[in-house]
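Notes to accompany the following structure.
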Number of protein chains: 2
Amino acid sequence: MPLAGERDARHRTKQEFAYQTLRDAIMRCELRPGERLVIDDLARRLQVSTIPVREAIQMLQSEGLVVTVPHTGVTVAPVSPESVQDVFAVLEGLEVVASRLVAERASPRELESLATLVADMDREVSAKRYAQWAALNTRFHLTISTLAGLPMLREMTERVLARWDRVRRYFFSGVLVHRVKRAQQEHRTILTAMRDCDLPTLETAVRQHNRRALESYMNFLKSSKARPEPAATDVDAAPAAAAARSQSHAPPHPRRPAPSARPRRRNTRLRSAGPR
Amino acid sequence: MPLAGERDARHRTKQEFAYQTLRDAIMRCELRPGERLVIDDLARRLQVSTIPVREAIQMLQSEGLVVTVPHTGVTVAPVSPESVQDVFAVLEGLEVVASRLVAERASPRELESLATLVADMDREVSAKRYAQWAALNTRFHLTISTLAGLPMLREMTERVLARWDRVRRYFFSGVLVHRVKRAQQEHRTILTAMRDCDLPTLETAVRQHNRRALESYMNFLKSSKARPEPAATDVDAAPAAAAARSQSHAPPHPRRPAPSARPRRRNTRLRSAGPR
DNA sequence: GGTGGGGAATATATGATATATCGCTATGCG
DNA sequence: CGCATAGCGATATATCATATATTCCCCACC
């Protein structure tokens, strides 16, 4: 299977194409965390040579989306429950700074664009299109970091948000519906404080927004309703997660594939644990 | 010139070797901001083929140390005065969060390692070895982010600190001596607040530390004593910057080299078009 | 005679392919 | 139970083909 991904005009080079396609697949958890990636396979599936693939892999690696072990192989980076805390810690730090900068130097016009986003999100909530809400939510936070006017700040925020997107899809295959309305309120509080340039309130609001999100998601995780789910459609992840609970429980992927169909000796190990 | 960089045991692969060497050279501003990098050249100078170099370039790109324009070329990322603000904004955000986490969960033993670093820095200050002080300073801040226990937080901090290192060397070819003592005091304040787990004080201290640094460096920049200097030795950048102000004013690097002084063919024949 | 646009030449990035080497891992044998 | 070894795929090299942006020349035009 060609790993979906037509080469459209967006991709000026095959390397970009490979990068985008792989990144998308990883984000969507279509390539599941822990899964082993074989460069030659990917090259075949993407219909390009290995060079663009290798370059793409390097980029993904320094974004932390894949892990490579020299001479051994590449695997999709795992997603751990702790990464939820990690994400929100970083995000809190960056956003406290970014939002302050926005309050101080954004034009009314720019603040308006944020307000528009919040309004759009409201619409999606009413329509129960939670996946779209999540996309706009990401854009909202991204916009704040952009308006702050500092390229590195924005870039780092972008990266964290991307990781969050992946974690969110993996553990929650969508979004916590009961969290959405509260989040919208918090967005409005943030917006108001920005307009008023009320920095103390703004800081508190941003912090709370992040902490409450963290809290919600962690609680959900602990309640163990979380489901490490394969490729979730997300596009309409809302309806109470009816999706077939696929049995596919890929065991923690080995670094090397079993030496293929060679006269397999029977119980072999690599079962790290198997002590019976 | 082989671009210095022996392949020692640290480099498990040539790709790692290329990456480390190039990164070092860029950090040291030996490869100057804006400078054009030609893959084939680099491969020759590093004594490897183009593939490891290309992979290294991809990694450097996603770290923002080089800029590539498709089909055109790679240049060392420029360093702007604004990036000073950028760095300290991000750092402030990350460190406020990190230091709080450290205060909350670090063991006395771990706090001790921070205290040791501060003491070591004191020694370097007395000895006027400011370059060493700067190295330890980076380590101090890195350690805080490590002790926070969140991998992504640490990784992002590492990246910002790396950028700062480069900016610092480029604009200030070392460190602002008059800032160092104050910085040490601030370090101690931070440390004390951590020990006492006095979060409000800690937050203020971390913020101030970053803002005062920003202020100092920005003032220095404005006073225009700053000197975009080629490869600074740094190893002993302290003594009042006697270093010869090299004339090397590389003009803003072109994307493509002029097609060189080629023996222009005069008899135009072979111009297919020569319709005449 | 100066000026601006079109087009060729060039250097280089990008991509493909074949081949060689190297390390890791699992296996087989003692 | 440990050591040698085979096989796989990652890593690396070399060579080639293609694509593209840049630059400069030339010439028509003003």
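Order of the sequence lines sets the chain letters (A, B, ...), proteins ahead of strands, with each chain counted from 1.
Using a distance-only test at 3.5 Å, with no hydrogens or angles considered, no donor-acceptor pair links the side chain of Ser83(B) to the main chain of Val79(B). In this structure, Thr138(B) contributes its side chain and Ala134(B) its backbone to a donor-acceptor pair below 3.5 Å. Side chain of Arg168(A) to backbone of Gly174(A): a donor-acceptor contact under 3.5 angstrom is found.
Using a 4.0 Å heavy-atom criterion, one finds that Val38(B) contacts the sugar-phosphate atoms exclusively.
Proximity of Arg36(A) to the phosphate of dA10(D): a side-chain N or O atom is located under 4.0 Å from OP1 or OP2. Look at Arg12(A) and you won't find any side-chain N or O under 4.0 angstrom from OP1 or OP2 of dG15(C). Between Lys14(B) and the phosphate of dC22(C), there is no side-chain N or O to OP1/OP2 separation shorter than 4.0 Å.
One interatomic measurement links the two molecules: CG of Asp41(B) to P of dA11(C), which rounds to 13 Å at whole-angstrom precision. Across the protein-nucleic acid pair, Asp40(B) atom CG and dG15(C) atom P stand 15 Å apart, rounded to whole Å.
For residues 70-85 of chain B, the set of pairs meeting the salt bridge (Lys or Arg N to Asp or Glu O under 4.0 Å) definition, not counting sequence neighbours, is empty. Sorted by first then second residue, the salt bridge (Lys or Arg N to Asp or Glu O under 4.0 Å) pairs that include residues 46-66 of chain A, not counting sequence neighbours, are Arg23(A)-Glu63(A), Arg54(A)-Glu55(B), Glu55(A)-Arg54(B).
Taken from CG in Leu65(B) to CZ in Arg163(B), the straight-line distance is 6.5 Å, to the nearest 0.5 Å.
Residues from residues 50-61 of chain A lying near DNA chain C, meaning a heavy-atom separation below 4.0 Å, are Ile51(A), Pro52(A) in numerical order.
Of all nucleotides listed (dT11(D), dA14(D), dT12(C)), dA14(D) comes nearest to the side chain of Ser49(B).
Partners of Glu95(B) by salt bridge (charged side-chain N to carboxylate O under 4.0 Å, His left out), not counting sequence neighbours: none found. Applying the side chain to side chain contact (heavy atoms under 4.5 Å, CB included) test to Ala98(A) and every residue at least two apart in sequence or in another chain returns Ile144(A), Ala148(A), Leu153(A).
Projected onto DNA chain C by closest heavy-atom contact, Val74(B) and Pro70(A) fall at different nucleotides, the more 5' of which corresponds to Val74(B).
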Would you list the protein and nucleotides 18-21 of chain C atom pairs, both N or O, that sit under 3.5 Å from each other?
none

